[in-house]
Structures are given as C-alpha cells and as structure tokens.
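Here the structure comes first, spelled out in structure tokens, and everything after it is commentary.
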Protein chains: 2
Amino acid sequence: MSKEPISGTKQRRRSDQVTLSQVAEAAGVSPITASRALNHPDKVSDRARHSVHTAVERLGYVPNLIAGSLASSRSRLVAVIVPSLVNTVFVEVIQGLQETLEAQGYQILLGNTDYDLDREYQLVRTFLGWSCSALVTAGLRHNQACHTLLANWNHPIMEVMELGQAMDLNVGLDHVTAGRCMASHLIKKGYRHIVYVGARLSQDYRAGMRFEGHKAVLQANRLAAPLVELNTLGSLQAGAEGLAQVLAHYPQTQAIHFANDDLAAGALLAAQRQGLRVPEDIAIAGFNGLPLGQHVTPQLTTILSPREEIGRLAASTLIQRLSGKAVEHRQHDVGFTLQAGGST
Amino acid sequence: MSKEPISGTKQRRRSDQVTLSQVAEAAGVSPITASRALNHPDKVSDRARHSVHTAVERLGYVPNLIAGSLASSRSRLVAVIVPSLVNTVFVEVIQGLQETLEAQGYQILLGNTDYDLDREYQLVRTFLGWSCSALVTAGLRHNQACHTLLANWNHPIMEVMELGQAMDLNVGLDHVTAGRCMASHLIKKGYRHIVYVGARLSQDYRAGMRFEGHKAVLQANRLAAPLVELNTLGSLQAGAEGLAQVLAHYPQTQAIHFANDDLAAGALLAAQRQGLRVPEDIAIAGFNGLPLGQHVTPQLTTILSPREEIGRLAASTLIQRLSGKAVEHRQHDVGFTLQAGGST
DNA sequence: AGAAAGGATGGTAGCGCTATCATTCGCAGC
DNA sequence: GCTGCGAATGATAGCGCTACCATCCTTTCT
C-alpha cells in the first residue's frame, strides 16, 4: 500500500506542513492523545507526553492554531482597538496589555480607528469573526451598530481610558475630575485669565471631558473659560500653533491649560524660542505626564495618568475572567496625580 | 420535522452565532453561492448577491474568519514583529504598515520581542500557526531555529529597518553609512574629541552598526573613537545619564554622537539645566529625526530616517507580492537625510 | 437550428484540529 | 473472584467555511 492519495479522493492539502496526525503516528499514539499531550499535558501519561514531544521536535511540527481555534471555538486572540498610534498614550496602554497577555499565551490583534466610530464598528466585526477571546477598546462611546454587536457578544469586553457606564469591564480614570483638578491648581496659583487649548475635541472627546471639568471650575469662580480648538491632533507643532492662536486672540492670557503634554511641551518650547518667560509671561499646563514634560525647563505642570497600569490592570482583569474566575470589581479607577512643575 | 438536533447526533455548536448556511437558506441559495456572493461578488448574479446581502443584514451575520481561513488556508493576517514599542520608531513603522494593510483588508498580528531573538522565534512559531499571509520583522538577525523555520516557509517575509542579506524582501537604510555620515559631519564642524553614546548595543545592534561607521571615520582621521555604553534603552533620562558619564570619563569631549534622538534630546535638555552651552561647551547629535529634536533650542542635529515610509513601502511591496504580482526590487533603500541643527 | 462556449449554481469532501462519548486497563475493596 | 472506579486512550463526528468538480442554463457563432 502506498501513501499516494487514493485516486477518486479529493485532494486538497496545499501546504506540506506537518500535521498533528503525522506527529501522532511518529509518536505511536492516536491524534487525540497527541493533541492532549500538547494542550493538556496533565491528562496523558509521562511516556505518551514524552514521545509526542520528541516527535514534535523531530518533525518540526508547528500547530495549526486556526484549525485548533475552529474546533474549540477559542482562539487565544485578544482584540485591541485604539484610536491612534501616534499618540504615545495608547502605545503605552498596549505595552501594558501585551506584557501580561503574551505571558499568558494570548496574542494581540491590533486595530486602529483613527478616532472614527464607524471604523471601530468595522474592526469589531472583523475581530468577532476571529472568535477573539476578549476585546479591549479605548473609550466608552460606540456607534449604535457597534453597541448592538458587542451587547450580544458573550466574551469579556474591556473598555479602557475613561470611567463610566461600561458594557462589561472598565479600567480608566475620570477625565472631568482631572480637568477640574488642573483648573483648580491654576486658580490656586493666582491665574485668572486661563485658556483651554485642545485639538478636535469631538474626536478626542476625553480631552473634551477635561475641558468640561475645567470650565465648571472656572465658572464656579466667575471666570470666563475660553476654548481654542486646533485642527491637528496632539503634536509639538500643534502646540506651538496653539500658543500663537492664544496670544493672538486672548492677549491678556496668563495661563494655558493644554489638552495634553505634546501640545503643552510644544508651546513651552515655542514660547522659549520667542523669548517668552514661562511661567512669568505665560504659564503652561498639560496632561498625561509624558517624560518629555519632565525634562524641559521649567518642568511642565501636568497630570500623571498611569497608562501602562491601565494596560496591565486591564490585561490581568481579563485573564482573571478568561480563566473562569469571577471578577469582583468590574470597574477600576486608576486615578491620577497632579504633578506641579515650574511651568505654572 | 423540528429543528431540534436529531438525537444520537453529536451536537457541538456552542455559540448561537449565525452561520453562512443560515444566511444561504434565508436568501434561498446554496451555501457556496452565499460564500461567493460575499467573497467573489463578481462571480454571482446581481440577484443572488443582493438577496445574500439582504439576508446578511437581516440576520446580523458575522463571517467566521477562522473557518474561512482553515478552508482556504489564507488568513489575511500579517504578522508584525518589533523589538519594542517604547521606541517610537517602531510604532511609526507599524503605523505605516497598518494604513496600507488595513485598507487592503489585512489585519495585523502584533508581536514584541523586547530585543530577544529567542522571543522572536517563539513569536514566529505562533504566527506561522496562524497561517499568516506574510510576516514583517524588524532586523536581519535571527537565531538559528528562527532562520530555519522562516527559510522553509513559503509566504512573503519582509525584513525592515536595516539593509543587507535578507531572506526575502527588505526595506530599510544603511546604518553603517548613517553612522559615517554623522561622524563626518562632526569632523567637518571641527570637533576632534568625539564620544559615541549608545545603550545596549548588542541588543540594539543597529545602533552598534552606526557606531561602526562612526568609528571607521574617526580612525581614518586618526582620532580616537571612545564609546560609552548605557544600560537602559533610549529615553530622555538615559540621555542625561550619558552626558554625565561622558563629562566624568572624557572631560575634554567637544561633541557627543548619540545613538538616537531620545538620548540626544535628554542630554541636550540636561546640559541646559546644568548651564552648559550647546554647542559651544558641548555639541550634541542624534539619530532618527524625532519631532522633539526639532523643537528644542538649539535644534538638534540628527539623521532623518523615513520610518513611516519604511512601513508604507513594506506594506505596498507585500500587497504587490500577495496579489500575485512579481516584485522587481526585493530590496529597497529608503535612505536618510542629515539634518544639521544648531546643536553642533 | 444545433453546437460550442461561457456564466451561474450546487453537491461533495475536505481544511487540521478538538469535544464528546466509549472503551480499555489497572487496582482497590469486599 | 468479581465489582466498581478513575485514569489513560481511542473512535467518531463535527467546527464553519471554501476548493473542486459537475451540472445546468444562457448566449453566441456557424
């Protein structure tokens, strides 16, 4: 008897990849035992496990995870959807997620929405098609279709960055309070003419929430809360532009509250190039606690947000849920820290 | 006849997900026609295509990509392996890849090696198990096992960042030449006591290659080429530390050639905090052309590497190969630009 | 009009793996 | 010796989809 395909049989194998059956044959066990030896090592005898591993080694077997996932309907993939990669904040969250998830044998499927909720919906659809074990997405806002899709999905959903009415799990911080906090700080420092500068607040709506907090505090102090909105998302260049606009439209401004540190640092560096003294001529505050802000002179006043911790905490909460344990706190406030530097 | 499972039949469907067969039934066509309507729309009649799409819409069908990939042994996944996410350089490459790949319906599977080649091997194994359509990895160096695995893999492999003897496709720049270029610039500017500062050059070996170029130029000019190697990878903090070490060990140093802009900018800002004049007391140069370097005063002398372009070019080359077209240039040198700022 | 060519559709048989159930085996307990 | 039990192993039947081939129904050409 040859190993040639029996004529008349449909022959479809295209890749010459080693299969589990071949491993099993080489190890002298049945395919299912080979499968168990690899995936549930405690359920087979030492002898079987050893001969399977030897065969795997010898044949250079690489498990076909697609077939395994189809059969078990578990994929060990975690979808991660962020609005941007340019913004280092999300990269740090991903970093935190990855550390923990990869250690547990999960792989990350990365999606980028570019701050577009329709794009998010498309990504979610695709990712559900991969039978992801869990989904992590930045933010609580989704479009209707996306919301419906996720609501009917029975796997863990982790919404990160902000706190609020989440679909399932939630790790983040309260951006309104963060905005209030910085505004209070600026007022306490004696500034009265304070401008908030953000970029595309309808997209980066968390920056908008911080502005809400900021505005509430200023109004409570009977101060005006002017807003300058830029068109390009956070970058040093945009920060310089923001400074210019503030000086042009609100010449008596004493302090600028920027939506993030990229903008703030850009403005600070631009101010120095123009010979403006910070904070004497103009005070500058940011948000996020990027390393850059700590290295400029004067040091940037900012709010430290624990980004990697968000990622790690999100990951470990997911791992807990995925391993069948109950999660007691479905919502976790990671808080923030006001870091007062010399810039205010 | 009920729709209950016939007793005696093994029943395994766990998820109540809508399947293609259900869509087909609702649309009044066979499953295979429904499949074609979604994946090869030009191969079915308008009527069939329309009724299938209506049924998809009505039932909320989400294609099971795992099943599809298993059957077709094509996954539309592209594995991307980078050594670090903290280093924004790789994030920008990913950004460039993602833009192009997502537009073509490919999804990115992200892996992070932490500059560890054994980790890379593990990731490659996992990713091959996902039947990825292609693999992108940063760098040309792999361990033996990884090399063997990839050599026997018959899908496009794209090695990015550096140029050289690649396994398949290659997009990058010549780091040795880049190092030479900067060294020449410094010498042309009249500096004679020049120190190179890098971090973990055995891991970030591309920085090591730049040092090789740097050293060759200095030696050709009969100059010593001292090296200061730091233990922490690129960060502003490490840059400050590098400056301190140089001042301590090589007090007569006139210029420092840093392995990257993070280090250089950190040193520049630290120098200013200490009242050192740049470039009069100490000249500083970097590599990468990060925005930060362009916003400090004086502007940082650096070498602009086109990171996003690497990503985009890598992606479009892959797309070309994946769509069956021949790729004429398997290697692409994206080059670099010396950007002379006030810091040297 | 009839044949050839081409487009649309469908039946069947897998893709490589694992869930499920059945079987075998060894050993303790009476 | 026999039953009962759990551990180890195996046979079978899918997971949901698409490749492959066969069929059917148009269209076009001689």
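Remember, it's a predicted structure, so these values are computed and weren't measured experimentally. Just so it is clear: chains get the letters A, B, ... in the order the sequence lines come, proteins before strands, and each one is counted from 1. Hydrogens, waters and symmetry mates are skipped; everything else that's a heavy atom, side chains included, is used.
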Requested in this report: Using the closest heavy atom to pick a nucleotide of DNA chain D for each, name whichever of Thr33(A) or Ser35(B) lands nearer the 5' end.
Outcome: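 Between the two, 5'-proximity favours Thr33(A).
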
Report summary line: Between His40(B) and Ile66(B), whichever has its closest DNA chain D nucleotide further toward 5' is Ile66(B)

Shortest side-chain distance from [X], nucleotide among [options]:
| X | options | result |
| --- | --- | --- |
| Arg36(A) | dC15(D), dC17(D), dT9(D) | dT9(D) |
| Arg74(A) | dG11(C), dA19(C), dG16(C) | dA19(C) |
| Ser72(B) | dT20(C), dT18(D), dC15(D) | dT18(D) |

For [X] and [N], what is the distance between atoms [atom1] and [atom2] respectively, to the nearest whole Å?
| X | N | atom1 | atom2 | result |
| --- | --- | --- | --- | --- |
| Leu65(B) | dG16(D) | CG | P | 13 Å |
| Ile32(B) | dT9(C) | CD1 | C1' | 10 Å |
| Asn39(A) | dT9(D) | CG | P | 15 Å |
| Asn64(B) | dC17(D) | CG | P | 6 Å |

**Report entry** Pairwise side-chain contact, Leu77(A) with Tyr106(A), heavy-atom cut-off 4.5 Å (strictly under)
**Finding:** no

**Report entry** Within residues 43-52 of chain A, residues whose heavy atoms come under 4.0 Å of DNA chain D
**Finding:**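 Residues of residues 43-52 of chain A that come under 4.0 Å of DNA chain D are, in numerical order, Val44(A), Ser45(A), Ala48(A).
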
Query raised in the report: For the helix from dA1(C)-dT30(D) to dC30(C)-dG1(D), how many degrees between its two end axes (five pairs per end), to the nearest 10°?
Result: 40°

Query raised in the report: Quick one: is Tyr61(B) getting a side-chain N or O under 4.0 Å of the dG16(D) phosphate, OP1 or OP2?
Result: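 For dG16(D), OP1/OP2 do not have a side-chain N/O of Tyr61(B) under 4.0 Å.
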
**Report entry** side chain to side chain donor-acceptor pair (under 3.5 Å) assessment of Ser30(A) paired with Thr33(A)
**Finding:** CA-CA 5 Å; Ser30(A) 71; Thr33(A) 301; 3.1 Å; yes

**Report entry** Over all atoms of both residues, closest heavy-atom pair of Cys132(A) and Leu109(A)
**Finding:**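 Closest pair (atom of Cys132(A), atom of Leu109(A), distance): SG-CD1, 4.0 Å.
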
Query raised in the report: Which sits closer to the 5' end of DNA chain C, Ala67(B) or Val29(B), going by the nucleotide each is nearest to?
Result: Val29(B)

Query - Arg74(A), CZ: over 12 other non-hydrogen atoms inside 6.0 angstrom - result: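 Atom CZ in Arg74(A) is not packed in, count stays at 12 or less.
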
